**Q** 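Can you read through this structure? Questions will come right after.
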There are 2 protein chains.
Amino acid sequence: MAGAGAASGRRAGAFGRAVLKRAQKTDTSPRAALLPKLGEVFRTYGYEGASLTLITAATGLGKGSLYHLFPGGKQQMAAEVLTEIDQWFEREVFAPLRDSAEPHAGIAHMFRATDDYFRSGRRVCLVGVFALGAARDEFTDAVQGYFDRWREALAQALRRAGQARAEAMELSEDILAGMQGALVLARAADDHKIFSRALKRMAERVPKRVG
Amino acid sequence: MAGAGAASGRRAGAFGRAVLKRAQKTDTSPRAALLPKLGEVFRTYGYEGASLTLITAATGLGKGSLYHLFPGGKQQMAAEVLTEIDQWFEREVFAPLRDSAEPHAGIAHMFRATDDYFRSGRRVCLVGVFALGAARDEFTDAVQGYFDRWREALAQALRRAGQARAEAMELSEDILAGMQGALVLARAADDHKIFSRALKRMAERVPKRVG
DNA sequence: AATTCTTTGTACCGATCGGTACAGGCGAGG
DNA sequence: CCTCGCCTGTACCGATCGGTACAAAGAATT
């Protein structure tokens, strides 16, 4: 969809593939450094609320540079931010859930990574913000995919940890909802500890290892 | 804060008190009929996204009428919508939780009313939408108050149902978060049943009556 | 040094934003 | 019937919206 790294990839000559591949792992392009800043603006003000003025202020780049890097405008910026977030979670959360030999380790890793990402409740979920607003309809796939793949990966880990199919489905949904809701409450009350408490409860809800 | 019913109250002469009191219970003024429509616009598009154009379209009223009824503009409209929602929950949820002789009945009533209000997951929470966005800082009291009083009322009911202080606090937070999160997930996946499942889980999490 | 291509600031675009001014429509009371 | 006061449609306001055009600055290549 949104070609993150397309600009750097275009510059690649005979060694195009190798360069592109490395760029995808740790991209040092200005574009990559930009996405987190863009993400913060969207996270804080929502898609509609993130005006070009706010974006230029937050990034330090003028419209010229912005539209040179993102010819598709706001829509493209948001799309690339979403895919960057998706990649982060894929790497730090979904993959460990699916691949770790010991499922409980993957689940523990998820809770740690999630606590980090949401800054222990000081940050809200950009995908959640988009989901609640009108932007959902413009980024349906990204929004659906994020939660769905998370739930799927978690349910799979829970099954491997010994839970029955139905219980794993329910519990994974329960844990995701508990987290998202805690982020809402934490921001509403301006009290990030609400999120920490929720994370702890969710972790306790996962059946302990039997072995 | 925002004087809902102030316009009708102003008209009241010697019988001002009585008229005002009745107006608060079932207000038949055009203003009262308007607030739900306004609420739907804010709920769907967020505070910033709810443009005057959208509002006039949804209400059928021109700017002239709108600003005659709400001299304070969008800000006043949103404020009155928030107090109307607060009043609804106070009546249908918080009061039953606090006052019902049998706390389990109050809690059951809460789940029923909540399911109704959120249309079994087809509707999102306006206060949650505001909480996540920049509008939170403009309506801090209303946003904080809504969740805080809900949590407080629920915790009190749980205590009366036999739970210890700390457990009641945790569980009330857990239930609110589970609901809010389920609304986010339901809208993200466009699958309202996520909310129904969450409601059921939350209800089961409340300790059964001992007697 | 000359040339080429990328990057950037700035001026500008039409559309829309929230809000105001106000003239007339309208219905109730005299 | 006339008047008075609430209500409402419309024209208009400056500001800002997202986006475009383009010329000059910079960097890289030869």
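Only this structure's heavy atoms are used, side chains among them; waters, hydrogens and symmetry mates stay out. Per chain, numbering begins at 1; letters A, B, ... match sequence-line order. This one's a predicted model, so the numbers in the text were calculated from it and none came from an experiment.
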**Q** Rounded to whole Å, please give me the gap between CD1 in I55(B) and P in dC17(C).
**A**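 Going from I55(B) (CD1) to dC17(C) (P), I get 10 Å.
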**Q** Taking only the side-chain heavy atoms of K63(B) (C-beta and beyond), determine which of dT20(D), dC6(D), dT20(C) contains the nearest atom.
**A**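 From the listed options, dT20(C) comes nearest.
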**Q** Closest to the K74(B) side chain: dT20(D), dG19(C), dC6(D)?
**A**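 Between dT20(D), dG19(C), dC6(D), the one nearest the side chain of K74(B) would be dG19(C).
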**Q** In whole angstrom, give the distance that lies between atom CD of Q75(A) and atom P of dG19(D).
**A**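 Computing the Q75(A):CD to dG19(D):P distance gives 9 Å.
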**Q** When the nearest nucleotide of DNA chain D is assigned to S65(B) and to S51(A) on a heavy-atom basis, which residue is associated with the more 5' position?
**A**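 The 5'-side residue here is S65(B).
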**Q** If I take atom CD in residue E48(A) and atom P in nucleotide dA15(C), what distance separates them, rounded to the nearest angstrom?
**A**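 From E48(A) CD to dA15(C) P: 21 Å.
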**Q** Find the distance between CG (L66(A)) and NE2 (H68(A)) and round it off to the nearest 0.5 Å.
**A**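 That separation rounds to 11.5 Å.
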**Q** Whole-Å distance between dT16(C) C1' and L52(A) CG?
**A**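 It works out to 14 Å between those atoms.
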**Q** Using the ring pair (Phe, Tyr, Trp, His ring centres under 6.0 Å) rule, pick out the option among F89(A), F130(A), F139(A) that qualifies with Y146(A).
**A**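 Only one option passes, and that is F89(A).
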**Q** Please state how far atom CG in L38(B) lies from atom P in dG18(C), giving the value in whole angstrom units.
**A**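 Whole-Å distance recorded here is 13 Å.
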**Q** Whole-Å distance between dG19(C) P and L66(B) CG?
**A**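 Result: 10 Å.
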**Q** Are T53(A) and dT16(D) close enough that a side-chain N or O sits under 4.0 Å from OP1 or OP2?
**A**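 Answer no for this pair, as no side-chain N or O of T53(A) is under 4.0 Å from OP1 or OP2.
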**Q** When the distance from CD of Q76(A) to P of dG19(D) is rounded to whole Å, what number comes out?
**A**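 One finds 11 Å between P of dG19(D) and CD of Q76(A), rounded.
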**Q** Does R31(A) qualify as a cation-pi partner of F70(A), given the criterion of NZ or CZ under 6.0 Å from the six-membered ring centre and within 45 degrees of its axis?
**A**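 The answer is yes; both the distance and angle limits are met.
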**Q** Counting only side-chain N and O atoms of H68(A), is one of them less than 4.0 Å from OP1 or OP2 of dT8(C)?
**A**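 Answer is no, no contact under 4.0 Å.
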**Q** Inspect the contact between R112(A) and E92(A) and indicate whether a charged nitrogen and a carboxylate oxygen are less than 4.0 angstrom apart.
**A**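 Judged by the 4.0 Å cut-off on N to carboxylate O distance, E92(A) and R112(A) do not form a salt bridge.
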**Q** Find the distance Y45(A):OH to dC17(D):P and express it as a whole number of Å.
**A**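 Result: 12 Å.
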